[in-house]
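Just below is one structure, and these are the notes that go with it.
Below, read A as the first sequence line, B as the second, and so on, with proteins coming before strands; counting in each chain starts at 1.
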There are 2 protein chains.
Amino acid sequence: MTDLDDIDRKLVLALAADATQSAGALGRTLGLSQPATWRRIRRLYDTGIIKGRKLDLDAEKLGFGVTVFLGVKLATKGRVSLEDFERAVVAIPEVQTVEHVLGMYDYRLRVTARDISDFERVLRRRIMTLPAVGNVEANVLLSEEQRPGPLQDA
Amino acid sequence: MTDLDDIDRKLVLALAADATQSAGALGRTLGLSQPATWRRIRRLYDTGIIKGRKLDLDAEKLGFGVTVFLGVKLATKGRVSLEDFERAVVAIPEVQTVEHVLGMYDYRLRVTARDISDFERVLRRRIMTLPAVGNVEANVLLSEEQRPGPLQDA
DNA sequence: GGTGAAACCAGCACGAT
DNA sequence: ATCGTGCTGGTTTCACC
């Protein structure tokens with residue numbers, strides 16, 4: 001962990017809500033000059049607290065109307081099984097996120113497809129044929145809401 | 001869905017990989033002038049295909065070392081139950097994502113905490129006391145990988 | 001889509017507190 | 001150690017063709 005002062009925390013919060021804001025605009029709302037604000041942001045990058053900026057895309061408008069979360073339990077799980085599975089799963093373009101987890105499942109996948117029949121194709125031809133795959137459970141995404149996270153009152 | 005031409009698709013792909021790139025730099029690699037590139041990016045914003053730019057933060061460096069996915073099954077689920085649950089759950093600062101899903105669970109929550117004992121506090125005092133909450137299943141995040149998504153060959 | 005230009009911003013000096 | 005001022009080159013964002 002790295003400790004941040006009050007201003008850094010406000011900067012991270014403001015940028016987390018909208019990373020488009022400029023250093024000058026942020027500084028104005030915080031009562032800081034533009035270079036001072038910029039230096040703090042750069043320091044947040046340099047220390048790795050901010051890893052980068054990512055686009056927030058509308059999957060539906062891009063033609064991908066179906067998002068499904070898959071919980072995958074491996075049938076066998078030595079070191080080789082995990083590595084084989086991970087290598088194979090990241091080669092599937094429809095897989096957006098691969099989460100290695102501990103609990104009822106071994107992996108959690110976020111899969112996106114054009115429609116339900118497209119998803120069936122991905123499931124049957126790509127997911128079910130993954131090495132060492134055991135039980136698979138699916139949850140179809142209806143709606144999603146992102147929250148600022150626990151930093152707000154930290 | 002909105003249809004994009006080849007250049008727009010390349011723009012979205014390039015920006016999805018690194019949203020820091022300038023319109024000028026992108027235009028140079030695509031053989032387009034800087035304002036033309038910028039107009040295309042702005043059109044992607046205006047049509048809502050690009051919803052915004054978000055920070056990619058290192059939760060661990062911010063002092064939140066534990067991330068847990070919770071699958072929540074509601075005990076009762078009329079319209080009121082869903083609304084009550086959603087209203088209560090978005091008020092918990094540790095909840096980063098609320099996903100309404102169809103399948104074995106009704107909701108999937110991404111919860112982040114400082115450590116395991118901090119997570120236990122959130123689970124016992126905030127999650128388990130949510131209105132209409134039934135069965136809860138947990139998966140602890142070990143590692144996570146983001147992929148570009150299926151647009152690459154569309 | 002291109003060109004040109006204005007306003008703005010990033011990024012780096014230097015000096016002050 | 002960090003802020004502020006002043007500056008330069010690049011970027012955004014507007015004209016108009």
Exercise for review: Return the value, rounded to whole Å, for the distance between atom CG of Asp46(B) and atom P of dC14(D).
Suggested key: 10 Å
Check your understanding: Hey, which of these two, Arg28(A) or Pro35(A), hits DNA chain C nearer its 5' end, going by closest nucleotide?
Key -> Arg28(A)
Review point. Roughly how many Å is it from CD in Gln21(A) to P in dT11(D), rounded to a whole number?
Key: 21 Å
Point to revise | Below 4.0 Å: OP1/OP2 of dG11(C) and any side-chain N or O of Trp38(A) | key: yes
Practice item. Taking only Lys NZ, Arg NE, NH1 and NH2, and the carboxylate oxygens of Asp or Glu, determine whether Asp106(B) and Lys77(B) approach each other closer than 4.0 Å. Key: yes
Point to revise | Lys/Arg-Asp/Glu bridge criterion (N-O < 4.0 Å) met for Glu144(B), Arg108(A) | key: no
Review point. To the nearest Å, how far apart are Leu15(B) CG and dT12(D) C1'?
Key: 14 Å
Exercise for review: Could you state the atom-to-atom distance from CG of Leu11(B) to C1' of dG1(C) in whole Å?
Suggested key: 14 Å
**Study point:** Base of dG4(D) paired with side chain of Arg39(A) (donor-acceptor, under 3.5 Å)
**Key:** yes
Exercise for review: For Ala23(A), report the nucleic acid contact type (base, sugar-phosphate, nothing); a contact means any heavy atom under 4.0 Å.
Suggested key: sugar-phosphate
Check your understanding: What's the CD1-C1' distance between Ile41(B) and dT11(D), to the nearest Å?
Key -> 11 Å
Exercise for review: Report yes if a side-chain nitrogen or oxygen of Ser22(A) is closer than 4.0 Å to either non-bridging phosphate oxygen (OP1 or OP2) of dC9(C); otherwise report no.
Suggested key: yes
Point to revise | Presence of salt bridge, Asp5(B) and Arg40(B), under 4.0 angstrom | key: yes
Revision key, fill the gap. Whole-Å distance, Leu26(A) CG to dC9(C) C1', equals 12 Å
Exercise for review: Name the residue closer to the 5' end of DNA chain C, choosing between Arg42(A) and Gln34(B) according to the nucleotide with the nearest heavy atom.
Suggested key: Gln34(B)
Check your understanding: More than 12 foreign heavy atoms under 6.0 Å from CD of Glu86(B): is that the case here?
Key -> yes
Review point. Rounded to whole angstroms, how far apart are CG on Asp5(A) and P on dA1(D)?
Key: 15 Å
Exercise for review: Take the protein atom CD1 of Ile7(B) and the nucleotide atom C1' of dG2(C), then report the distance between them rounded to whole Å.
Suggested key: 14 Å
**Study point:** Basic-acidic side-chain contact under 4.0 Å: Asp8(B), Arg43(B)
**Key:** yes
